Structures are given as C-alpha cells and as structure tokens.
Amino acid sequence: MYDTIIIGAGPAGMTAALYAARSNLKVALLERGIYGGQMNNTADIENYPGYAAISGPELAEKMFEPLEKFGVEHLFGQLVKIELDGEVKKVITEDEVLEASTVVLAMGAQHRLLGVPGEETYNSRGVSYCAVCDGAFFRDQDLLVVGGGDSAVEEAIFLTQFAKSVTIVHRRDELRAQKIIQDRAFANEKISFIWDSVVEEIQGDELKVQSVRIRNVKTSQVSEHAFGGVFIYVGLDPMSESVSDLGITDEAGWIETNDLMETKQAGVFAVGDIRKKHLRQITTAVGDGAIAGQQVYNYLLEHTK
Ligand code: FAD
Ligand code: NAP
C-alpha cells in the first residue's frame, strides 16, 4: 500500500514524486515508456529557468536523478483503470493491481497530427507543434500555421515577433478562436489568411521544409507555397481515457482541478498537460507537480488524524 501512486513520469509527475517523497511518503511513479515524457521529443529547451539551453533528454535526466535518492519506487507499466474503493485507490495496470491512499494523474496530452505526407518526415526539421519552444529558430522566415482555434491564432501572433510573415491556413472561412484573439490577428500586418483550405503535403529537401501544397476545399484547386516552417495546431488530446469513468473530466477529456490540483474525487489529484489549463509548458507542469506533491501530504495528514 503506497501513500501515493503518480501516473506518468513527465516533468509534472516527476516533480510531484519529488515533493511527496521529500515529505517522507511512500511514493510509486508509474510510467509506460521513457521517463521525461514529451521533453524527450525536443533537442533544445530555451525557456526553462536556470538553463540558457538544455536538451529535453538531458533535462529529463536531471529531473529523474534525485528521485532515487528520496526513495521513489519506479514502476514500469500502463495504467488501464482506477477503482475508487473508499480510502483505497486501486491502480490497475496491464499486469497488476496496486493500492494507494492517493493518486496523482500526470499522463499528459498529445498533439493531434494532421496526417498528411511530409508531416512525420519533417517533424523537428521545419514542422513544429510548439511556437513558444521553436519560434525563435525561425527568424525572418515565411511561416505557415495550420488551424483556426485559440492555439493556432494566438501562436501565429506570437510567431510574428520572429517571422518575416505568418500565414494561417484554415479549413473554413471563419475562425474558431475567441473574438478578441481574432481581432488581434486581423490587425497584425504580418499575418495573412488562406481560407477554406487544407494542407495536402509538406515538402522539402533532405534537410528541412521548403514548401507546402494547399488545397481549396471549395474549388479543389491545389497550389504550392514556399514556407520555411509549418506550425500545426489542430487540437490536443488529453491522455485521460483510462480515467474517463471517474467523472473528473470535461466533455473534451481534460481533467478539471482547483488551485490545489484536487479533482472532484477525494484523494485524486491531476497535474501538468492533462489538466484543463491555459499554458501547457514544462514550467507550468513542474509548478502543478510541486503543489500536488505537497497537497498529497496535507490530504494524508487530514485523513489519518
Ligand atoms: P508529459 O510530458 O506528456 O508526460 C506524460 C507521461 O505520462 C509520459 O511519459 C507518458 O508516457 C505517460 N503516460 C501517459 N499515459 C500513461 C498511462 N496510461 N500509463 C502510464 N504512463 C502514461 N515545453 C516547454 O516549456 N519548453 C519547450 O521548449 C518545449 N518544447 C516542446 C517540444 C515538443 C516537440 C513537445 C512535444 C513539447 C514541448 N514542450 C515544451 C511542452 C512540454 O514538453 C509539456 O508541456 C510537458 O512535457 C508536459 O508535462 P506533463 O508531465 O504534464 O506530461
Ligand atoms: P481547438 O479549439 O480544438 O481548435 C482546433 C482547430 O484546428 C480548429 O479550428 C479546427 O477546425 C482545426 N482542425 C482540427 N482538425 C483539423 C484538420 N484535420 N485539418 C485542419 N484543421 C483542423 O484546439 P486548440 O486551438 O488547440 O485549443 C484547445 C483548447 O484550449 C480549446 O478549448 C481552447 O479554447 C483552449 N485554449 C484557450 C486559449 C485561451 O483562452 N487564450 C489559448 C489556447 C487554447 P474547425 O474550427 O473547423 O473545427
């Protein structure tokens, strides 16, 4: 029986584990893949305080190192389901049933893919899903942003501080983004739009993206445009399928919490990208993790009095 089982060893889960373990709790960290989560997908992180630049895997390693020292038990496995049985939470993986007084859900989110030719080939070579992370690498270039939601339009505005021009391609003739964000984009001289259109193919040489083939969905006409980078924002999917029966997610699957990272279920916390929140970054993930790690301790104090 653990005091807490943390599911997902990205920055949020590792930080929650560190804080809980330093409170002298019996902590297990369950991960189905590589420690570090999405950080493992990026070569350069330039917005994590304390490091001018650090590779994702190196930062993951640095976050992982102290966990052993404080006695965190590392478990390899995939969460399938959680059963809430009074004060005992049953964490069911593909291979075993674990028990804990609390659980911290830190399974992250996944960027939805466009699914067009060239997207995978040029991933991290001109194709990006994170303007905050990669925008500065595209100074003075012509960039394409795909999508019409808050993320696409906000990130397109963000990219104008680096780019020569930013074009937003959207599959309809009106944006989904909030009006105020739309107005800012329409007023920005560096931003232009290609309406009613979808990306057909991302093309390039052996090094990086050079151009994009775009199809107008109304006329079926296909045209080729030169772009140095393609930022894809067609939505994120939370990795919350395994807890969808707990009544803690919104209609899109994001887990709702209060400021203490508590969900609607007592003793069940959620941290990082899987939460309903505005800024999904490493810094905000570790902030969430610290709060939850401490709150697990407070919860156990109250419930073992
Ligand atoms: P994640 O990092 O997604 O970790 C979740 C973990 O949970 C994963 O290891 C996953 O394997 C595990 N998991 C999921 N489901 C299960 C399950 N059922 N059972 C067991 N384990 C499970 N942010 C920045 O601040 N700066 C950057 O420069 C930056 N660059 C990025 C570049 C790329 C290419 C990407 C993809 C993201 C980048 N981000 C960056 C965003 C940042 O990586 C995320 O915001 C952050 O990793 C979220 O942390 P997390 O711990 O909430 O989730
Ligand atoms: P989103 O709101 O789901 O928008 C995704 C966009 O991508 C939509 O415009 C959608 O088109 C388009 N799209 C989806 N699949 C596509 C495909 N296969 N090909 C081309 N286009 C495709 O996702 P998001 O913008 O990432 O936002 C996610 C959530 O975070 C939302 O709730 C959002 O409000 C919130 N958020 C809020 C803020 C803020 O408040 N400042 C900032 C960022 C995000 P359609 O419009 O035609 O469906």
Side-chain angles (χ1 to χ4, degrees), residues 5-16 29-49 53-56 59-60 63 75-82 91 93-94 105-116 123-124 127-137 145-155 168-178 180-181 196-199 217 232-243 250-252 254 270-286 288-289:
I5 298 177
I6 295 155
I7 299 136
M14 287 196 283
T15 309
L29 181 57
L30 176 72
E31 169 60 50
R32 65 177 181 184
I34 305 170
Y35 289 97
Q38 294 173 60
M39 290 192 296
N40 288 307
N41 299 335
T42 184
D44 285 300
I45 294 165
E46 292 184 339
N47 56 1
Y48 191 74
I54 186 165
S55 81
L59 185 56
M63 288 187 189
L75 306 174
F76 182 75
Q78 161 123 356
L79 173 72
V80 176
K81 190 178 166 54
I82 292 179
V91 172
T93 75
E94 282 169 331
L105 306 172
M107 291 93 81
Q110 245 182 1
H111 295 281
R112 221 172 274 153
L113 301 179
L114 255 189
V116 298
N123 188 359
S124 300
V127 171
S128 171
Y129 303 86
C130 182
V132 175
C133 324
D134 300 334
F137 300 118
V145 172
V146 188
D150 286 335
S151 297
V153 182
E154 268 196 341
E155 299 308 318
I168 297 177
V169 60
H170 183 39
R171 62 185 178 183
R172 293 186 290 132
D173 63 359
E174 59 178 354
L175 298 170
R176 176 180 293 278
Q178 297 165 53
I180 189 167
I181 298 173
D196 296 316
S197 299
V198 293
V199 170
V217 291
I232 298 171
Y233 286 103
V234 293
L236 280 180
D237 290 321
M239 305 291 278
S240 61
E241 217 178 278
S242 52
V243 294
D250 70 5
E251 64 288 345
W254 302 103
V271 291
D273 275 15
I274 200 166
R275 280 180 65 218
K276 188 169 185 170
K277 66 195 287 197
H278 282 291
L279 184 63
R280 294 194 168 87
Q281 291 281 284
I282 299 164
T283 46
T284 60
V286 301
D288 289 359

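Note that the coordinates shown come from a computational prediction; the quantities given were computed from them, not determined experimentally. What you see below is based on every heavy atom in this structure, not just the backbone, and it leaves out hydrogens, waters and symmetry mates. Atoms within each ligand, like the ligands themselves, are counted from 1 in listed order.
Of all protein heavy atoms, the one lying nearest to atom 16 (C) of ligand 1 is Met107 CG, 3.6 Å. For atom 27 (O) of ligand 2, the closest non-hydrogen atom on the protein side is Ser151 OG, 3.6 Å. Nearest protein neighbour of atom 34 (C) of ligand 1, counting heavy atoms only, is Asn41 O, 3.7 Å. Among protein heavy atoms, atom 30 (N) of ligand 1 sits closest to Cys133 SG, 2.8 Å. If you check which protein heavy atom lies closest to atom 44 (C) of ligand 1, you get Asp273 OD2, 3.5 Å. The single protein non-hydrogen atom nearest to atom 2 (O) of ligand 1 is Gln38 N, 2.9 Å, given as residue, atom name and distance. Among protein heavy atoms, the minimum distance from atom 26 (N) of ligand 1 is reached at Asn47 OD1, 2.8 Å. The single protein non-hydrogen atom nearest to atom 41 (N) of ligand 2 is Glu154 OE2, 3.0 Å, given as residue, atom name and distance. Among protein heavy atoms, atom 13 (N) of ligand 1 sits closest to Arg32 NE, 3.8 Å.
With sequence neighbours left out, the side chain to side chain donor-acceptor pair (under 3.5 Å) criterion links Thr284 to Lys277.
The residues Asp288 and Arg275 are annotated as salt-bridged, a charged nitrogen and a carboxylate oxygen being separated by less than 4.0 angstrom.
Atom numbering of ligand 1 starts at 1 in the shown order; those under 4.0 Å from a heavy atom of Gly37 are 2 (O), 4 (O), 8 (C), 9 (O). Applying the 4.0 Å criterion to heavy atoms of Gln178 picks out, from ligand 2, the atoms 39 (C), 40 (O), 41 (N). The distance from ligand 1 to the heavy atoms of Ala106 drops below 4.0 Å at these ligand atoms: 5 (C), 6 (C), 7 (O). Using a 4.0 Å cut-off to heavy atoms of Arg172, the atoms of ligand 2 that qualify are 45 (P), 46 (O), 47 (O). Close contacts between ligand 1 and Leu79 involve ligand atoms 17 (C), 18 (N), 19 (N), 20 (C) [criterion: under 4.0 Å to a heavy atom]. Counting atoms of ligand 2 from 1 in the listed order, those under 4.0 Å from a heavy atom of Tyr233 are 6 (C), 7 (O). Atoms of ligand 1 lying under 4.0 Å from any heavy atom of Arg280, numbered from 1 in the order shown and given with element: 45 (O). Residue Ala285 approaches ligand 1 through these ligand atoms, each under 4.0 Å from one of its heavy atoms: 49 (O). Here is the list of ligand 1 atoms found below 4.0 Å of a heavy atom in Gly272: 52 (O).
A 6.0 Å sphere centred on CD of Glu241 holds no more than 12 heavy atoms belonging to other residues, nucleotides or ligands.
Contacts between Leu175 and ligand 2, counted as non-hydrogen atom pairs separated by less than 4.0 Å, are absent for every part of the residue. With a heavy-atom cut-off of 4.0 Å, Ile282 touches ligand 1 through backbone and side chain alike.
Where the criterion is an N or O separation shorter than 3.5 Å, residue side chain and backbone included, Glu31 meets it with respect to ligand 1. Residue Pro11 has at least one nitrogen or oxygen atom sitting less than 3.5 Å from a nitrogen or oxygen atom of ligand 1, judged on distance alone. For a threshold of 3.5 Å applied to N or O pairs, the pair formed by Ala12 and ligand 1 contains at least one separation below that value. In terms of N/O distances under 3.5 Å, ligand 1 is not approached by His111.
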Side-chain donor-acceptor distances from residues 109-116 under 3.5 Å, at least two apart:
from   : atom 1 : to     : atom 2 : distance (Å)
Arg112 : NE     : Asp237 : OD1    : 3.1
Arg112 : NE     : Asp237 : OD2    : 3.3
Arg112 : NH1    : Val234 : O      : 3.0
Arg112 : NH2    : Asp237 : OD1    : 2.9

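Within the 4.0 angstrom cut-off, atom 19 (N) of ligand 2 has one or more protein heavy-atom neighbours. Remark: atom 29 (C) of ligand 2 lies closer than 4.0 Å to no protein heavy atom. Closer than 4.0 Å to atom 36 (N) of ligand 2 lies at least one heavy atom of the protein.
Rounded to the nearest 0.5 Å, atoms NZ (Lys81) and OG1 (Thr93) are 14.0 Å apart.
Distance alone, capped at 3.5 Å, is enough to place a donor-acceptor pair between the Tyr233 side chain and the Ala131 backbone. Remark: side-chain polar atoms of Arg280 are paired, donor with acceptor, to backbone N or O of Asp273 under 3.5 angstrom. The closest donor-acceptor contact from the side chain of Asp150 to the backbone of Gln178 lies under 3.5 Å. Between the side chain of Glu31 and the backbone N or O of Gly33, at least one donor-acceptor pair lies under 3.5 Å.
By heavy-atom distance, the residue among Gly8, Gly77, Gly10 lying nearest atom 20 (C) of ligand 1 is Gly77. Checking Glu155, Arg176, His111 against atom 48 (O) of ligand 2, the nearest heavy atom belongs to Arg176.
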